[in-house]
Amino acid sequence: MNGFDRPRDGTADSENIEKEPAPGSSSSKWILRSSFVGPQGIRSGWSMLIFTAILVVEVLVTRVPVNLLLHSMKLNPSLEAWSPAVAAGILALLVLVATAIMAKIEGRPVLSYGFIDKRGLARFVLGIAGGVAALSALVLALKMSGWLIFDGRALHGKSAWSYGLQWGVAFLLTALFEESLLRGYLQSTLTRGVGFWWAAVLLSLAFGATHLPNHGESPIGIFSVVGAGLLFCLSLWLTKSLYWAVGLHAGWDWSQSYLYGVADSGQVARGHLFATHPSGGLIWGGGPTGPEGSIYVIPTMAIIALGLWIAWSPREPRRDSDSRSSEN
């Protein structure tokens, strides 16, 4: 069973509808049990609380050894560039463990929270290509408008390939971590309580809030992060899986940080293929936020959403074809 099987109108499942207590049973025990358990098992609010508690415990237990590992990697020049990938991989692993524990409690396959899809690999590859293409189109629009200046190549030869691979792995694991966390277990569980799209809005706002501390972030940048969260939820709604979202997320971030060397939510990666700098006003060029802080990002995301809808929106069978088939 897929964790995102749900009513197509986006309404909440009937988690709060309870049956009357059986004759002779204790009313107080029934009320207490019904506060924690509904027809679909543990209520969504308690499930999310348990999931969050597991993550907090995992972070507290692993914080010291992980910090020591990352610190030792930064002291080793040959390993330092891999530290972002290792950090992202550890976070993704912690989310996977917490999800696996909740899946065991709820009696469901661990992949049911967004990763059951026979066409998953194709959608993942399409997402990566779409992320690179969409970010490239955004960068091209900024360059042609004079809002982004290319200063030339920053890396050549072996260094270019090495950094490209390292950042590719890092952003793939980062995308896997963020999508598994916000659009995986939490989206599936919150959907049971408030409906798919209310859950999508709330978690996308939370996604935007995680970017608020970033130095150089801007209002348009935060808006684009929230919009990206809703875009990923749209792909989840249409495909019932996260493969496309993980691919696009990774391809988009890799193109920003490594390929074009622009800021990603106010942060510039060390080791990027091209050297660039913004020019002009903050609203148009994005300034220190990067392309995600430019007003151009809004039509870019709108075009991606339109493409998603055209490609994967549910289509009703034509009546004339149905009538012909019934006559045969």
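The basis for the numbers below is simple: all heavy atoms, side chains too, and nothing from hydrogens, waters or symmetry mates.
Among all heavy-atom pairs drawn from Gly271 and Leu155, the shortest one is C-CD1, 3.8 Å. For the residue pair Gly208 and Val226, the shortest heavy atom distance occurs at CA-CG2, 3.9 Å. Shortest non-hydrogen contact noted between Val246 and Ala175 is O-CB, 3.5 Å. Smallest separation of non-hydrogen atoms from Glu217 and Thr289: OE1-CG2, 3.1 Å. Taking every heavy atom of both residues into account, Ala245 and Glu179 meet most closely at CB-OE1, 3.9 Å. Between Val262 and Pro291, the shortest heavy-atom distance links the atoms CG2-CD, 3.5 Å.
Taking the six-membered ring for Trp and thresholds of 30 and 60 degrees, His211 and Phe207 have ring planes more than 60 degrees apart, a perpendicular arrangement. Ring orientation note: the planes of Tyr243 and Phe115 are nearly perpendicular, at an angle over 60° on the 30°/60° scale.
Just one residue in the list Leu181, Ile101, Thr189 forms a side chain to side chain contact (heavy atoms under 4.5 Å, CB included) with Phe51, and that residue is Leu181. Results of the side chain to side chain contact (heavy atoms under 4.5 Å, CB included) test with Ile54 over Ile50, Val57, Val56, Thr52 single out Ile50 as the only residue that passes.
The distance from atom CD of Glu80 to atom CE of Met73, rounded to the nearest 0.5 Å, is 9.0 Å. Between Ser294 atom OG and Ile220 atom CD1 the span is 7.0 Å, to the nearest 0.5 Å. Expressed to the nearest 0.5 Å, how far OG of Ser83 lies from CG of Leu69 amounts to 9.5 Å. Going from atom CG of Asn214 over to atom CD of Gln267 covers 4.5 Å, rounded to the nearest 0.5 Å. The CG atom of Leu142 lies 11.5 Å from the CD1 atom of Ile295; values are rounded to the nearest 0.5 Å. Taken to the nearest 0.5 Å, the NE2 atom of His272 stands 12.5 Å off from the CG atom of Asp264.
More than 12 heavy atoms of other residues, nucleotides or ligands lie within 6.0 Å of CH2 in Trp82, so this atom counts as buried by the packing criterion. Other residues, nucleotides and ligands place no more than 12 heavy atoms under 6.0 Å from the CD1 atom of Ile283. Within a 6.0 Å radius of NE2 in His71, no more than 12 heavy atoms belonging to other residues, nucleotides or ligands are found.
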Original post:
Going through the checks in order, is the ring pair (Phe, Tyr, Trp, His ring centres under 6.0 Å) test met by Tyr163 and Trp167?
Top reply: CA-CA 6 Å; Tyr163 273 108; Trp167 281 120; 7.6 Å; no
Subject >> side-chain contact (heavy atoms from CB on, under 4.5 Å) assessment of Arg108 paired with Ser188 >> reply: CA-CA 12 Å; Arg108 294 168 58 179; Ser188 174; 3.7 Å; yes
Original post:
How far apart are the C-alpha atoms of Leu135 and Trp254, what are their side-chain angles, what is the distance that settles it, and do they pass the side-chain contact (heavy atoms from CB on, under 4.5 Å) test?
Top reply: CA-CA 9 Å; Leu135 196 281; Trp254 181 84; over 6 Å; no
**OP:** Start with the C-alpha distance between Phe223 and Ile298, add both sets of side-chain angles, then the distance that settles side-chain contact (heavy atoms from CB on, under 4.5 Å), and finish with yes or no.
**Re:** CA-CA 9 Å; Phe223 176 84; Ile298 296 178; 3.9 Å; yes
**OP:** Start with the C-alpha distance between Leu234 and Trp197, add both sets of side-chain angles, then the distance that settles side-chain contact (heavy atoms from CB on, under 4.5 Å), and finish with yes or no.
**Re:** CA-CA 9 Å; Leu234 175 62; Trp197 285 109; 4.2 Å; yes
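Using a 4.5 Å heavy-atom threshold, the side chains of Leu91 and Val59 count as separate. Taking 4.5 Å as the limit, every side-chain heavy atom of Phe232 sits out of range of all side-chain heavy atoms of Leu203. Residues Val95 and Tyr185 fail the side-chain proximity criterion, which asks for heavy atoms closer than 4.5 Å. Side-chain atoms of Trp252 and Thr300, non-hydrogen and from C-beta on, do get closer than 4.5 Å to each other. Ser235 has its side chain out of reach of Arg123: every pair of non-hydrogen atoms, C-beta onward, lies at least 4.5 Å apart. When side chains are defined from C-beta on, Asp117 does not count as touching Lys240, because their heavy atoms never get closer than 4.5 Å.
For the pair Thr239 (side chain) and Ser241 (backbone), a donor-acceptor distance under 3.5 Å is present. Counting only distance, with no hydrogens or angles, the side chain of Ser224 and the backbone of Glu292 share a donor-acceptor pair below 3.5 Å. Under the 3.5 Å distance criterion, the side-chain polar atoms of Thr174 are matched with a main-chain donor or acceptor of Ala170. With hydrogens and angles ignored, the 3.5 Å screen pairs a side-chain donor or acceptor of Thr276 with a backbone N or O of Tyr260.
Of the N and O atoms on the side chains of Glu58 and Thr62, not one donor lies less than 3.5 Å from an acceptor on the other residue. For the residue pair Gln187 and Trp237, no side-chain donor N or O sits within less than 3.5 Å of a side-chain acceptor on the partner. Of the N and O atoms on the side chains of Ser180 and Tyr113, not one donor lies less than 3.5 Å from an acceptor on the other residue.
The hydrophobic cluster containing Tyr296 also contains Phe150, counting ILVMFWY residues as joined when their side-chain heavy atoms lie under 4.5 angstrom apart, directly or transitively. Neither Leu138 nor Ile149 shares a network with the other; the hydrophobic side chains, linked directly or stepwise wherever heavy atoms of I, L, V, M, F, W or Y lie under 4.5 Å apart, form separate groups for each. Criterion: ILVMFWY side-chain heavy atoms under 4.5 Å apart, direct or through other members. Under it, Trp46 and Leu186 are part of a common hydrophobic cluster. In the hydrophobic clustering of this structure, Val169 groups with Leu79; members are Ile, Leu, Val, Met, Phe, Trp, Tyr whose side-chain heavy atoms approach within less than 4.5 Å, directly or through other members. Val194 and Leu49 fall within the same hydrophobic cluster, defined by Ile, Leu, Val, Met, Phe, Trp and Tyr side-chain heavy atoms under 4.5 Å apart, directly or through other members.
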